[in-house]
Amino acid sequence: MSHASDKISADIEAYLQEHERKDLLRFITCGSVDDGKSTLIGRLLFDSKLIYEDQLASITQASKTSGTTGDEVDLALLVDGLQSEREQGITIDVAYRFFSTDKRKFIIADTPGHEQYTRNMATGASSASLAIILIDARYGVQTQTRRHSFIADLLGIQHLVIAVNKMDLVDYSEARFNEIVAEYQEFADKLNAPDIRFVPMSALKGDNVVNRSPSLDWYTVDGQAGPSLLEVLETVELTRDQNLSDLRFPVQYVNRPNLDFRGYCGTLAAGVVRPGDSVKVLPSGKISTIERIVTFDGDLEIAYPGQAITLTLDDEIDISRGDWLVAADAELPLSNALEADVVWMHEKPLQPGRQYDIKLATRDLTGQVSAIDYLYDVNTLEHHEGDSLALNAIGRVQLELTQSVPVDDYRSSPGTGSFIVIDRLSNVTVGAGMIRGVGRSGTQATTQQTDWAAFEADLNALVRKHFPHWEARDVRELLGRGN
Ligand SMILES: Nc1nc2c(ncn2[C@@H]2O[C@H](COP(=O)(O)OP(=O)(O)OP(=O)(O)O)[C@@H](O)[C@H]2O)c(=O)[nH]1
């Protein structure tokens, strides 16, 4: 039952290549204390034969002395290193684990379940496409279940898998499972997540985690025998989650090693890009055409979200770090006011009116919260009034920036529709925001205004173009008219 693959000894190169090509699912696990999170992760690794011999020997031994499972191997002990570190107050907030099967690679963000850990969950969830929400079949939907579902949903996780665990303790009762499904669905009507599934299982006994179980033979989906949890993880459709239609390329760095080359480096946040595509630079509104997609391994014919690339254009227009390239016909509002949901991550509460540094995609900005519209009660999803955001609180706020930026919705483009809030004195990240739209008090602009001295603007443009390493700021921004 230990980690082994014939391919490793037969042809290591082929094995590695096969792994490289598989797609990757990032997911988080959440649940209340003792719902069985550690046992579930242990079971996933154990039944998919991903545990090394020495690890297995050591947990078999430890199960006898300190396990909680009688004669069974206590798989929760596999995940124990992390727990003891947590108890000792060592800095791991979110632990990432990697495993792979024949079909996919997986990264699990294992986040602690207590209320005060909202910020950790938000950190783990920010890059996940699926959340497993554990429910103890004996207790059904709990406050924590609602809280975790809400946060996962708020962060735009598309796939929620409600794992009803410990079915062995309710005699594998179909009626009990259906009751929990109905209870959850009533609440889930208020969520946006388009894909919510329910899987009955017993992590301890190994029913329906990796292998389907005869004890749960009543469990069907669309008239067929229902998939095990791992089968769900292996088959969840991921490509549809990616936004391939709206090009978003925030420029991270302007690369000009010599007079013959001028490239814009960054990570494609959304959409696809090809040489020949007509693009618009934001905020200036200038139009150009993609000439090449340069990478370390040679030029590409097409690039997808998540790829780090350097783009060159077929003319020399003025682009600086922080600008975005979007499709030439894209219509994005430019505004200095944003409406956003903010998760607060610091002991010192968010103070409306206080200046914070804001990092939005590759752009560094300054701004303040002008109003808190409401705080979310993450247990009931109700809205409450409030005048500040405490640690782990989540609220809908109005944010005013000192310059205008293109405004993207987090749900359609998380990479360009989110920001982090940084304390100006300590330089610590204190909050994370998800943009919901243009703010109420914003002055909206559509294109560039140029009422400063033409000579000044030309000189500034020349300096930024030929000496990008000086990192001169755009004069329009200094004048507070970044659009
Ligand atoms: N009967 C039964 N017991 C289970 C099952 N899954 C987990 N347990 C037991 O429930 C207890 C808690 O399991 P853990 O895996 O440690 O739970 P956890 O959610 O990781 O708990 P924390 O790490 O404290 O948050 C342990 O005694 C497990 O053996 C199950 O499917 N059936």
Side-chain angles (χ1 to χ4, degrees), residues 118-119 122 126 150-151 153-156 190-192 248 250 282-283 322 324 331-378 380-426 428-446 449 477 479-483:
T118 300
R119 65 173 164 175
S126 56
F150 171 67
I151 297 170
D153 188 53
L154 191 78
L155 288 157
K190 296 181 205 142
L191 302 176
N192 293 298
R248 297 288 186 271
L282 291 178
W324 296 5
E331 290 298 335
L332 261 91
L334 293 175
S335 175
N336 66 344
L338 305 175
E339 184 161 310
D341 287 321
V342 169
V343 180
W344 200 249
M345 303 182 163
H346 201 263
E347 281 80 16
K348 212 159 95 192
L350 175 147
Q351 278 175 299
R354 184 188 161 110
Q355 293 284 315
Y356 292 99
D357 284 339
I358 308 285
K359 190 162 165 49
L360 196 169
T362 51
R363 193 169 259 250
D364 298 314
L365 304 153
T366 304
Q368 58 167 341
V369 167
S370 55
I372 295 180
D373 293 349
Y374 48 81
L375 306 182
Y376 290 98
D377 181 327
V378 289
T380 61
L381 305 195
E382 281 166 4
H383 300 169
H384 294 294
E385 276 186 31
D387 47 22
S388 77
L389 282 186
L391 176 64
N392 289 313
I394 304 174
R396 173 66 58 95
V397 308
Q398 301 291 325
L399 184 69
E400 271 176 20
L401 302 168
T402 49
Q403 25 171 300
S404 292
V405 291
V407 182
D408 240 349
D409 187 318
Y410 178 79
R411 288 198 193 278
S412 57
S413 178
T416 47
S418 60
F419 56 86
I420 57 172
V421 185
I422 300 161
D423 185 271
R424 303 192 80 184
L425 290 180
S426 62
V428 165
T429 300
V430 290
M434 289 140 283
I435 299 170
R436 302 301 181 201
V438 172
R440 276 197 302 273
S441 59
T443 46
Q444 275 206 45
T446 43
Q449 300 152 10
E477 291 181 0
L479 292 170
R481 304 184 189 107
N483 38 17

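All residue numbers in this chain count up from 1 along the given sequence.
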**Message:** Minimum heavy-atom separation for Ser418 and Ile435, please, with both atom names.
**Reply:** N-CD1, 4.2 Å
**Request:** Could you pull out the closest heavy-atom pair between Pro250 and Arg248, with the gap in Å?
**Result:** CD-O, 3.7 Å
**Spacing of CD belonging to Glu382 relative to CG belonging to Asp377, to within rounding of 0.5 Å** = 6.0 Å
**Prompt:** Taking side chain as C-beta onward, heavy atoms only, is Lys348 less than 4.5 Å from Ser426?
**Reply:** no
**Complete:** Nearest heavy-atom contact between Pro283 and Arg363 is CD-NH2, 3.4 Å
**Fill in**
Between Trp324 and Thr416 the two heavy atoms that sit nearest each other are CH2-CB, 3.5 Å
**Message:** Suppose we call two aromatic rings close when their centres sit under 6.0 Å apart. Are His383 and Tyr376 close by that rule?
**Reply:** yes
**Complete:** Heavy-atom nearest pair, Leu154 first then Met434, reads O-SD, 3.5 Å
**Prompt:** Distance only, no hydrogens: is a donor on one side chain within 3.5 Å (strictly under) of an acceptor on the other, for Asp341 and Tyr410?
**Reply:** no
**Asked** Could you give the distance from CG (Leu365) to CG (Leu401), rounded to the nearest 0.5 Å?
**Response** 5.5 Å
**Prompt:** Going through the checks in order, is the side chain to side chain contact (heavy atoms under 4.5 Å, CB included) test met by Gln368 and Arg354?
**Reply:** CA-CA 6 Å; Gln368 58 167 341; Arg354 184 188 161 110; over 6 Å; no
**Request:** Quick one: list whatever passes side-chain contact (heavy atoms from CB on, under 4.5 Å) with Thr366, sequence neighbours left out.
**Result:** Gln355, Asp357, Thr402, Arg424
**Message:** If you define the side chain from C-beta out and look only at heavy atoms, does anything of Ser404 sit under 4.5 Å from Asn336?
**Reply:** yes
**Message:** For Leu332 and Asp408: C-alpha separation, side-chain torsions, deciding distance, then whether side chain to side chain contact (heavy atoms under 4.5 Å, CB included) applies.
**Reply:** CA-CA 7 Å; Leu332 261 91; Asp408 240 349; 3.8 Å; yes
**Asked** Roughly how far, to the nearest 0.5 Å, is the CG atom of Leu425 from the CD1 atom of Ile422?
**Response** 13.0 Å
**Nearest heavy atoms of Thr362 and Gly322, plus distance in Å** = OG1-CA, 3.4 Å
**Pairwise distance OG(Ser335) to CD(Glu400) - rounded to 0.5 angstrom** = 9.5 Å
**Message:** To the nearest 0.5 Å, what is the distance between CG on Asn192 and CZ on Phe150?
**Reply:** 9.5 Å
**Prompt:** Of Ile358, Val407, Val397, which is the lone residue that meets side-chain contact (heavy atoms from CB on, under 4.5 Å) with Leu338?
**Reply:** Val407
**Request:** For Asp364, look at atom CG and say whether over 12 heavy atoms of other residues, nucleotides or ligands are found less than 6.0 Å away.
**Result:** yes
**Request:** Over 60° means perpendicular and under 30° means parallel, so classify the ring planes of Trp344 and Tyr356, tilted if in between.
**Result:** perpendicular
**Message:** Using 0.5 Å steps for rounding, measure from the CG atom of Leu350 to the CE atom of Met345.
**Reply:** 12.5 Å
**Request:** May I ask you to test the Ile372-Val342 pair for a side-chain heavy-atom distance under 4.5 Å?
**Result:** no
